[in-house]
Amino acid sequence: MEQILYILPRGLAIGVLISAPMGPIGMLVIQRTLGKGRWPAFFTGAGAALSDLAYCLLTGFCLSFITGFIDSHQFAIQIIGSIVLAIFGIYLFRKNPTRSLKRAEVNAANYWSDFATGFLLTFSNPLILFFIIGLFARFNFIQPEYAIHHYIVAYAAIFCGAILWWYGVTALVGHLGKRINMRSLKLINRIIGFILAAMAVAGVCMAIIEHL
């Protein structure tokens, strides 16, 4: 039970953080919320969440084969993971997400099509693997003593975190409507970038303290 309580909040946090950056998929979800309604946008986000889960499974599957290496090089991995998060955070802070913004779609709702679009758009960006590896390292998410039920809970928590994020985004955008503007989108990215950079700095400090 103690391990489950360790896994759950970290899995939820990873799911949220993977989904939160306002890249092309975030812009698409906002567009569809404004142009097609909340539920087509939510299914687009759900497709993206499934794609993120697939990449998380791939990352965890690969890392599970090198748990001995991870255990013996934990300090270096935490430092590298924190650096990856810092780089990604700085990139988000500087990025203008509205460059991805196109005219909102007004086609009739087709949830399967929306879901597939979200999945394929997210899956077409394998560079997210580096971000996931950084998050896994920062949260010390993969443990050699995990049993199969721990992994099930872990990945279910990641998926739930991503789904909760998209549910919240579509609800908020649907409520605010046209009050969502370019400045607010850029501010979201800057806040997320700052959080990631702060987590990276905290990760480096904690790794150094534990190593001393």
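In this structure, CZ on Phe139 lies 6.5 Å from CG on Leu135, to the nearest 0.5 angstrom. For the atom pair CD1 of Ile128 and OG of Ser19, the computed distance is 7.5 Å after rounding to the nearest 0.5 Å. Rounded to the nearest 0.5 angstrom, Arg38 CZ and Leu172 CG are separated by 10.0 Å.
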Side-chain donor-acceptor pairs of residues 191-208 under 3.5 Å, sequence neighbours excluded:
none

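Shown here for Trp166 and Gly26, the closest heavy-atom pair between the two residues is CH2-CA, 3.9 Å. Looking at every heavy atom in both residues, Ile7 comes nearest to Ala154 through CG2-CA, 3.4 Å. The two residues Tyr111 and Trp39 make their nearest non-hydrogen contact at OH-CB, 3.5 Å. Nearest heavy atom pair, residue Leu12 against residue Cys160, reads CD2-CB, 4.0 Å. Nearest heavy-atom pair, Gly118 versus Ile25, reported as atom, atom and distance to 0.1 Å: CA-CD1, 3.7 Å.
Looking only at side-chain heavy atoms (C-beta outward), Thr33 and Phe42 stay at 4.5 Å or farther from each other.
Both Ile14 and Leu53 are part of a single hydrophobic cluster, where members link through side-chain heavy atoms under 4.5 Å apart. Leu121 and Val169 end up in the same hydrophobic cluster when Ile, Leu, Val, Met, Phe, Trp and Tyr side chains are linked at under 4.5 Å. Note on Ile133: it does not cluster hydrophobically with Ile90, by side-chain heavy-atom contacts below 4.5 Å among ILVMFWY residues.
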**OP:** For Leu129 and Thr59, run side chain to side chain contact (heavy atoms under 4.5 Å, CB included): C-alpha distance rounded to whole Å, both residues' side-chain angles, the deciding distance at 0.1 Å, then the answer.
**Re:** CA-CA 7 Å; Leu129 278 170; Thr59 302; 3.2 Å; yes
**OP:** Begin with the C-alpha distance, continue with both residues' side-chain angles, and end with the deciding distance and a verdict on side chain to side chain contact (heavy atoms under 4.5 Å, CB included) for Asp52 and Phe159.
**Re:** CA-CA 8 Å; Asp52 289 334; Phe159 185 72; over 6 Å; no
**OP:** Any chance you could lay out the side chain to side chain contact (heavy atoms under 4.5 Å, CB included) test for Ile18 and Cys56, step after step, and finish with the verdict?
**Re:** CA-CA 10 Å; Ile18 291 173; Cys56 286; 3.5 Å; yes
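Checked against ring-ring contact (aromatic ring centres under 6.0 Å, His included), Phe131 has the following partners two or more places apart in sequence or in another chain: Phe88. Scored by the side-chain contact (heavy atoms from CB on, under 4.5 Å) test, Leu8 finds Ile4, Val153, Ala157 as partners (sequence neighbours excluded). By the ring-ring contact (aromatic ring centres under 6.0 Å, His included) test, Phe136 is found to be paired with Phe141, residues two or more places apart in sequence or in another chain being considered. For Phe123, the ring-ring contact (aromatic ring centres under 6.0 Å, His included) partners at least two apart in sequence or on another chain are Tyr55, Phe119.
Annotation for Tyr146: atom OH counts as buried by contact number, over 12 foreign heavy atoms lying within 6.0 Å.
Grouped with Ile152 in one hydrophobic cluster are Ile148, the linkage being side-chain heavy-atom contacts under 4.5 Å among Ile, Leu, Val, Met, Phe, Trp and Tyr residues.
Partner of Arg32 under the side-chain contact (heavy atoms from CB on, under 4.5 Å) criterion, chosen from Thr170, Asp114, Val173: Asp114.
Without hydrogens or angle criteria, Thr44 side chain to Pro40 main chain gives a donor-acceptor distance under 3.5 Å.
Taking the six-membered ring for Trp and thresholds of 30 and 60 degrees, Tyr155 and Tyr151 have nearly parallel ring planes, at less than 30 degrees apart.
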